[in-house]
Protein chains: 8
Amino acid sequence: MSDDIRLDLEREARIGIAEAVFAAGKSVDQLARLIAEDPARRRLFTRLAAEQYAALPPDAAARLRYDPLSRTAVMGAIPELTGPARVAIVAAGTSDLPIVAEIEQTLAFNGHPATRFLDCGVAGLWRLLEQQAAIGRHPVVIAVAGMEGALFSVLGGLIGGPLIAVPSSIGYGVADGGRTALFAALTSCSPGITVVNIDNGYGAACAALRVLGVARPEG
Amino acid sequence: MSDDIRLDLEREARIGIAEAVFAAGKSVDQLARLIAEDPARRRLFTRLAAEQYAALPPDAAARLRYDPLSRTAVMGAIPELTGPARVAIVAAGTSDLPIVAEIEQTLAFNGHPATRFLDCGVAGLWRLLEQQAAIGRHPVVIAVAGMEGALFSVLGGLIGGPLIAVPSSIGYGVADGGRTALFAALTSCSPGITVVNIDNGYGAACAALRVLGVARPEG
Amino acid sequence: MSDDIRLDLEREARIGIAEAVFAAGKSVDQLARLIAEDPARRRLFTRLAAEQYAALPPDAAARLRYDPLSRTAVMGAIPELTGPARVAIVAAGTSDLPIVAEIEQTLAFNGHPATRFLDCGVAGLWRLLEQQAAIGRHPVVIAVAGMEGALFSVLGGLIGGPLIAVPSSIGYGVADGGRTALFAALTSCSPGITVVNIDNGYGAACAALRVLGVARPEG
Amino acid sequence: MSDDIRLDLEREARIGIAEAVFAAGKSVDQLARLIAEDPARRRLFTRLAAEQYAALPPDAAARLRYDPLSRTAVMGAIPELTGPARVAIVAAGTSDLPIVAEIEQTLAFNGHPATRFLDCGVAGLWRLLEQQAAIGRHPVVIAVAGMEGALFSVLGGLIGGPLIAVPSSIGYGVADGGRTALFAALTSCSPGITVVNIDNGYGAACAALRVLGVARPEG
Amino acid sequence: MSDDIRLDLEREARIGIAEAVFAAGKSVDQLARLIAEDPARRRLFTRLAAEQYAALPPDAAARLRYDPLSRTAVMGAIPELTGPARVAIVAAGTSDLPIVAEIEQTLAFNGHPATRFLDCGVAGLWRLLEQQAAIGRHPVVIAVAGMEGALFSVLGGLIGGPLIAVPSSIGYGVADGGRTALFAALTSCSPGITVVNIDNGYGAACAALRVLGVARPEG
Amino acid sequence: MSDDIRLDLEREARIGIAEAVFAAGKSVDQLARLIAEDPARRRLFTRLAAEQYAALPPDAAARLRYDPLSRTAVMGAIPELTGPARVAIVAAGTSDLPIVAEIEQTLAFNGHPATRFLDCGVAGLWRLLEQQAAIGRHPVVIAVAGMEGALFSVLGGLIGGPLIAVPSSIGYGVADGGRTALFAALTSCSPGITVVNIDNGYGAACAALRVLGVARPEG
Amino acid sequence: MSDDIRLDLEREARIGIAEAVFAAGKSVDQLARLIAEDPARRRLFTRLAAEQYAALPPDAAARLRYDPLSRTAVMGAIPELTGPARVAIVAAGTSDLPIVAEIEQTLAFNGHPATRFLDCGVAGLWRLLEQQAAIGRHPVVIAVAGMEGALFSVLGGLIGGPLIAVPSSIGYGVADGGRTALFAALTSCSPGITVVNIDNGYGAACAALRVLGVARPEG
Amino acid sequence: MSDDIRLDLEREARIGIAEAVFAAGKSVDQLARLIAEDPARRRLFTRLAAEQYAALPPDAAARLRYDPLSRTAVMGAIPELTGPARVAIVAAGTSDLPIVAEIEQTLAFNGHPATRFLDCGVAGLWRLLEQQAAIGRHPVVIAVAGMEGALFSVLGGLIGGPLIAVPSSIGYGVADGGRTALFAALTSCSPGITVVNIDNGYGAACAALRVLGVARPEG
């Protein structure tokens with residue numbers, strides 16, 4: 001293992017979620033060393049900028065499957081996704097797609113398929129209502145919305161399962177980099193919505209994994 | 001006129017809205033002098049606390065009709081309200097009633113009846129949808145909501161007339177005294193919503209009066 | 001039903017959680033009318049201040065079981081709590097007790113017992129570590145902490161099930177009324193923690209109910 | 001229609017304002033697909049950066065009329081603007097021109113001409129006063145100002161019709177990206193001013209369209 | 001001198017302004033000791049609450065001339081105010097009177113008369129314009145305004161002498177305890193306005209004294 | 001005059017300070033037109049970025065004297081500076097030099113020389129104390145400091161003339177782009193300090209000009 | 001031990017500082033139980049309001065020595081304070097006395113005397129400079145200041161030992177409840193100053209105890 | 001010495017810490033002049049960007065030893081580091097390495113070796129606990145953490161010596177550029193932690209030097 005990086009390798013055994021490598025702020029050299037050692041290990045990288053990926057040594061890059069939309073990369077095998085999706089991802093707008101993709105990649109890395117429901121912003125309420133039944137069939141729902149985040153409250157009043165809100169940084173002015181959507185999710189008039197940090201698709205997926213662990217027959 | 005108060009008495013002639021007396025921060029003595037001089041003038045007082053009203057000299061108090069819910073008082077005649085209401089007031093919750101009442105009092109002082117639609121919070125979406133047609137029949141709609149203010153966006157996608165949002169200070173934690181509802185109204189995904197200050201029912205009513213002036217046949 | 005209050009009575013059928021009456025900001029008169037009508041209905045009141053309760057007409061008060069610590073009241077029968085607790089409530093300090101109690105009351109109203117683990121602040125880490133196994137036996141964990149909220153991150157690294165963080169307003173200076181604990185929960189280095197508004201014990205309990213619904217055999 | 005974009009095409013029928021495409025944060029690929037399908041449809045694009053426009057495939061770009069100052073583009077016919085302008089746009093400084101242009105483009109796309117009144121900052125009050133009568137002839141006034149936004153209050157005391165304030169992000173230090181102008185508009189001592197988000201020329205134009213709908217002969 | 005208070009008694013010799021006793025946060029006991037020792041010294045007390053004054057021992061209270069509106073008290077002689085006023089105090093509204101009075105008391109304690117111009121809010125611009133010439137005859141102008149503080153910018157464009165802005169905490173919602181007026185003063189489009197802390201009438205008067213020192217013939 | 005720019009050309013006659021052209025946010029084309037028309041007029045440009053200046057047409061650029069440190073440019077003659085400097089500029093650190101230069105350029109454009117006192121940060125108090133007498137000889141003092149802005153308070157206790165504080169944006173973390181220095185200046189324990197916006201050297205110079213106007217014999 | 005309070009009794013053995021009871025937010029009942037059990041133990045209570053102390057059962061109150069200025073109470077013996085003071089406490093103003101007293105009480109509870117230096121605000125610099133040598137003789141210095149906190153920087157440039165800054169909440173307007181002093185301490189131009197939370201005299205004393213532990217001969 | 005830079009050269013004699021050159025915001029020309037004069041002097045440069053270093057004249061650059069990770073440079077001899085390290089640097093994550101390096105460089109410049117303990121984030125608590133004894137052997141501990149900064153509290157409960165917290169700007173969303181970690185450090189439930197500004201490794205090292213001065217035998 002490299003001198004200055006000590007990953008929490010036992011995390012998966014302890015809490016059921018493997019530590020992901022948060023690439024933002026890490027140097028290309030650090031990333032390359034992480035990839036080089038212990039090649040048999042499966043790993044998920046998040047917030048890996050296209051520039052970082054492009055700067056990796058060819059042999060390091062070759063061992064990653066990089067997805068530029070979600071800025072994630074996977075090292076090692078991706079489990080086959082079978083069975084019905086147990087997670088619905090509902091997004092307010094097209095601009096939220098990178099976060100949707102990060103959620104999908106994280107769930108897929110852990111073996112879970114998901115279903116997308118895009119462009120469900122409440123300004124055109126019918127778009128959400130016509131999908132309500134299909135969304136409600138999934139045990140866990142993750143909602144992604146920026147600007148005023150009204151989607152969270154409307155959705156929270158329509159479905160009864162766990163609802164995880166991901167405020168996104170889409171918007172300008174007093175959208176405030178996602179704070180307005182975040183605070184809207186936290187003060188929602190719909191009871192029992194839980195929230196993760198702005199743009200934190202990875203965290204929302206992990207929260208869903210924690211719930212799905214409970215829901216497993218042997219949970 | 002008293003030494004230290006110079007009301008903008010020509011305001012009504014100039015912009016069509018009489019200056020109201022904002023009572024918060026005024027001493028009982030100042031208020032009593034304002035009431036005493038020029039008894040023939042009609043006047044609206046806003047933010048008049050029950051304590052201020054109770055402390056007025058009896059003859060001054062006797063000249064006001066005080067409404068404790070809205071904390072407004074009227075001096076002089078109130079015009080008879082006839083004809084259909086041209087303003088709908090839609091509120092998310094019962095706690096928003098004081099603001100609803102301030103809007104009604106201001107409109108009534110200026111001769112306009114209004115229709116109330118209460119408890120339309122989006123967590124129970126049916127409450128709003130079943131009133132949608134009735135609301136839409138009014139040329140101007142004022143919406144009042146605290147907490148996350150999702151009502152503004154849903155309503156903005158359902159009706160096409162002028163929609164004036166009044167964020168209320170209802171809520172706790174990151175509701176932030178009404179800022180989250182305010183910012184939600186400003187960043188709404190529904191186009192063309194306009195906004196006034198937190199808890200500013202008086203201002204919303206004045207904005208409606210400005211619009212109704214335009215809509216007058218001779219506008 | 002009273003004129004100006006329209007509760008979302010179908011909410012329980014729709015999403016499995018009955019609408020609670022948020023008493024803060026409601027007048028005693030409104031509360032009394034809510035209690036008077038439909039006496040057969042079970043109801044939970046939250047944020048009911050001791051002053052509000054004391055001001056209720058005697059017959060209205062007599063129909064509530066009031067808990068001053070949590071500021072909640074229950075109207076109607078409370079289900080018998082049987083079977084093992086499926087929710088653990090872990091709190092950092094004694095000052096967080098009112099929130100712990102609100103969580104317990106909300107869960108109990110919905111038929112779920114819970115286990116308390118108090119004074120688990122990380123400045124004395126042994127207090128948490130010696131309870132780790134007992135906490136981990138519960139399918140859902142709710143953690144309550146104010147000030148810097150470090151408990152959330154440590155606990156998130158120790159257990160693998162759903163972890164719902166309730167930041168509390170305990171602290172002074174830059175504790176900022178609970179914002180520092182809230183933001184700490186949201187930016188935690190432990191993956192998959194979800195968060196509710198400051199001091200929102202009711203919301204955390206509802207979130208747990210949403211998860212427990214998933215975990216039911218027939219979920 | 002593309003997989004991941006579902007526009008609210010019925011919006012115009014429902015509320016009288018067509019959904020515009022907010023281009024910020026959309027990929028060039030998404031934009032190109034939007035342009036390609038349904039070529040007969042008229043469409044307005046806002047916040048389309050010069051870089052995005054330049055990166056479009058030639059055939060897609062050829063179908064847009066792009067205005068770099070306002071960062072808007074129009075697909076399809078622009079209605080002929082006839083009759084007197086019913087909207088006045090009053091701006092404090094030259095730096096506010098991009099927002100003025102976005103308002104004009106949005107109004108023009110919907111068939112409404114507007115009149116500009118530029119450089120009306122209150123530090124040289126005569127510039128505003130000499131235009132007062134001309135401004136007041138328009139049924140609706142939109143004001144644009146950054147820095148301290150004093151223009152809103154002065155104008156609000158001079159005209160009686162609907163006044164929509166657009167705070168702009170012009171300024172530095174505690175101008176705070178437009179927040180000071182925004183809060184100044186919201187706390188104005190002139191009654192009945194309504195406000196949209198910082199730099200939101202599109203929203204102000206939509207609000208004017210909502211008012212002009214009321215003012216239509218049958219209003 | 002008391003043990004725990006060391007006033008900066010040489011301040012007047014050094015910078016020409018005597019140290020005032022800021023009474024807020026001082027105990028009645030501390031205040032009484034300050035009054036008792038060195039009875040020959042003239043002293044100004046600011047922010048002395050009516051409750052503090054009422055709680056003083058009778059002999060201590062007897063040595064102060066207390067003004068409840070400005071919450072100031074003077075110990076010792078007040079110089080006779082002769083000659084024309086060299087400072088104009090212009091206020092936007094009646095609610096700003098306590099600050100106006102604090103400015104007057106501070107100037108009077110230092111021998112300077114001042115002229116008041118009240119209710120000059122820009123929503124009724126004529127009120128300011130009709131006083132413009134009279135205001136401009138004073139070498140120094142202090143302006144007091146809360147809410148959006150538009151008065152500062154309009155006044156700054158009308159007069160050429162030193163203009164000291166005192167933002168007041170009048171207002172609600174995003175008036176933000178005076179911050180919006182403060183930031184408006186700081187970002188004014190009128191050049192050369194200077195600013196003191198919110199509600200700091202004492203500081204504004206001291207700033208005027210510093211300027212008047214320069215303007216003295218022998219300056 | 002160009003269509004869309006109306007400068008306040010009478011400002012100098014009205015308040016004694018000519019309108020400066022704030023170049024930030026203006027297009028090169030707008031700037032070029034401003035330079036081209038009315039070549040006999042003297043003009044000061046502030047916040048003119050090196051990139052803007054470099055992009056000007058050669059004949060326009062040739063008519064400006066550009067100073068890259070202060071980002072100012074002068075068109076027309078600069079008055080000869082004679083007589084002793086009446087303004088002292090005291091700066092805490094070397095990084096504040098661009099602001100010092102903007103103050104000097106603005107004063108010089110208006111005919112006033114100034115004296116610089118640099119590197120007077122209070123961490124090495126002797127640097128300020130050894131200059132105290134020399135600074136105090138100037139009728140007006142402008143102080144520039146970033147980070148914690150302690151210089152303002154120390155200086156305010158040492159000199160008795162007008163002291164204008166310019167908080168600078170130097171610093172990181174909670175220096176907060178100059179807000180900490182700004183708020184420190186506003187809450188200073190030294191009485192009578194006045195303050196301008198962050199980095200606003202131009203405004204500080206204008207404030208000094210307003211004071212120097214008072215101090216003139218014929219003031 | 002009571003059910004719901006688990007103090008970290010081993011803390012003193014582990015880190016050398018006994019856990020203090022933070023009384024704010026604790027009920028009188030909880031406090032009384034804490035006092036009743038384990039009477040032989042020495043204990044320090046902080047933030048114990050006079051109202052809380054007055055409401056204690058007489059036998060519980062009798063076991064505390066309560067100091068109303070610092071709002072602290074001690075149960076059990078206070079060690080005799082001998083030898084020279086190793087900590088200097090330097091305060092800017094009289095209003096900071098409660099914090100000074102909390103520091104003294106905490107140090108005294110742990111056996112350390114301290115020396116006070118009051119009213120050292122930098123507006124009268126001589127007050128600090130004449131004490132400089134006496135302050136510098138103490139191995140550890142704690143400075144307390146509100147408003148703009150300039151004292152921290154000046155002191156940091158004069159002494160070379162550990163300097164712990166306690167920002168106080170003294171001030172109004174943008175003093176912001178102590179945040180301006182806090183941020184000033186953190187951004188000080190004097191190197192190596194460390195900072196504790198606003199008004200946190202207890203924490204500053206504990207930090208001094210940590211340093212004094214190092215400085216002991218056997219450290 | 002250059003005209004416009006006056007370093008506080010006596011600082012080392014006065015407080016034991018030499019003034020470092022804070023290079024951010026200084027021009028290359030200023031830096032080159034500083035290096036050229038007085039070549040015998042040892043100097044530390046902080047926040048020296050790679051671009052600044054690369055732009056220096058070759059002879060100036062040749063006299064510096066530049067470390068790109070910490071962005072520091074040393075001019076003159078570096079003392080030999082002998083004896084055991086007296087400072088432990090504990091960091092939460094790999095992304096904090098630049099700050100760790102700035103601490104090390106500052107300590108080394110002053111003759112003190114340090115020991116690094118990296119990747120001690122509390123999500124994997126074992127990583128910290130297994131190093132607890134080794135960390136505790138150092139008289140002074142500096143901890144570096146971003147995001148929620150939970151490391152500070154856990155560490156503060158485990159060790160008894162001086163603990164200096166350096167919040168880092170690592171994180172996104174409500175990590176808020178390091179403010180959440182900063183506020184978490186300030187509101188920690190572990191007593192006696194002191195804090196420096198965000199990312200201020202230099203300041204933390206200076207604070208350690210102040211403590212080590214006390215701990216010297218002759219202290």
Side-chain angles (χ1 to χ4, degrees), chain D residues 91-96 119-130 132 136 143-160 163 165 167-193 195 197-198, chain E residues 91-96 119-130 132 136 143-160 163 165 167-193 195 197-198:
Chain D
T94 320
S95 309
D96 298 317
D119 259 332
C120 292
V122 300
L125 200 58
W126 59 271
R127 297 183 296 193
L128 179 62
L129 295 179
E130 78 179 18
Q132 178 179 355
V144 185
M147 303 204 291
E148 93 289 41
L151 172 63
F152 305 130
S153 291
V154 174
L155 196 51
L158 297 175
I159 62 159
L163 175 54
S168 84
S169 54
I170 298 301
Y172 59 90
V174 291
D176 212 358
R179 288 206 167 204
T180 292
L182 170 65
F183 292 175
L186 288 164
T187 61
S188 174
C189 55
S190 289
I193 297 176
V195 188
N197 196 7
I198 298 164
Chain E
T94 320
S95 309
D96 299 318
D119 261 330
C120 292
V122 299
L125 200 58
W126 58 272
R127 298 184 295 193
L128 179 61
L129 295 180
E130 77 180 18
Q132 177 179 358
V144 185
M147 305 206 288
E148 93 288 40
L151 172 63
F152 304 131
S153 291
V154 175
L155 197 51
L158 297 175
I159 62 160
L163 175 54
S168 84
S169 55
I170 299 300
Y172 58 90
V174 289
D176 211 359
R179 288 206 168 205
T180 292
L182 170 64
F183 291 174
L186 288 164
T187 60
S188 174
C189 54
S190 289
I193 297 175
V195 188
N197 196 6
I198 297 165

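Letters go in sequence order (proteins before strands), and every chain restarts at 1. In this text the structure is predicted, and so the values were computed from the model without any measurement. Both backbone and side-chain heavy atoms feed into the values below; hydrogens, waters and symmetry mates do not.
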Chemist: Pick from E:Ser153, E:Gly124, E:Gly157, E:Ser190: which one has the most heavy-atom pairs with chain D under 4.5 Å?
Modeler: E:Ser153

Chemist: Tell me the residues of residues 169-178 of chain E whose non-hydrogen atoms fall below 4.5 Å from those of chain D, in number order.
Modeler: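 Answer by number: E:Tyr172, E:Val174, E:Ala175.
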
Chemist: Heavy atoms only, distances under 4.5 angstrom: which of E:Ala185, E:Gly156, E:Ser188, E:Gly121 has the most pairs with chain D? Name it, please.
Modeler: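 Looking at each option in turn, the highest pair count goes to E:Ser188.
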
Chemist: Please name all residues satisfying side-chain hydrogen bond (donor to acceptor under 3.5 Å, both in side chains) with E:Thr187, sequence neighbours left out, ordered by chain then number.
Modeler: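 E:Thr187: no side-chain hydrogen bond (donor to acceptor under 3.5 Å, both in side chains) contacts found.
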
Chemist: To the nearest 0.5 Å, what is the distance between CG (D:Leu186) and OG1 (E:Thr180)?
Modeler: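 One gets 8.5 Å once the value is rounded to the nearest 0.5 Å.
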
Chemist: Heavy-atom distances under 4.5 Å only: say whether E:Leu129 touches chain D with side chain, backbone, both or neither.
Modeler: side chain

Chemist: Only one of E:Val154, E:Leu125, E:Leu155 forms a side-chain contact (heavy atoms from CB on, under 4.5 Å) with D:Val122, so which one is it?
Modeler: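 Output: one option passes, namely E:Val154.
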
Chemist: Of the non-hydrogen atoms in D:Cys189 and E:Ala123, which two are nearest, and what is the gap between them?
Modeler: O-CB, 3.7 Å

Chemist: Which residues pass the side-chain hydrogen bond (donor to acceptor under 3.5 Å, both in side chains) test with E:Asp96, sequence neighbours left out?
Modeler: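 Here the qualifying residues are E:Ser168.
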
Chemist: Sort by residue number and list every residue of residues 145-152 of chain D having at least one heavy atom under 4.5 Å from chain E.
Modeler: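 The stretch touches chain E at D:Met147, D:Glu148, D:Ala150.
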
Chemist: Who among E:Ala181, E:Ala92, E:Ala184 has the most heavy-atom pairs with chain D under 4.5 Å?
Modeler: E:Ala184

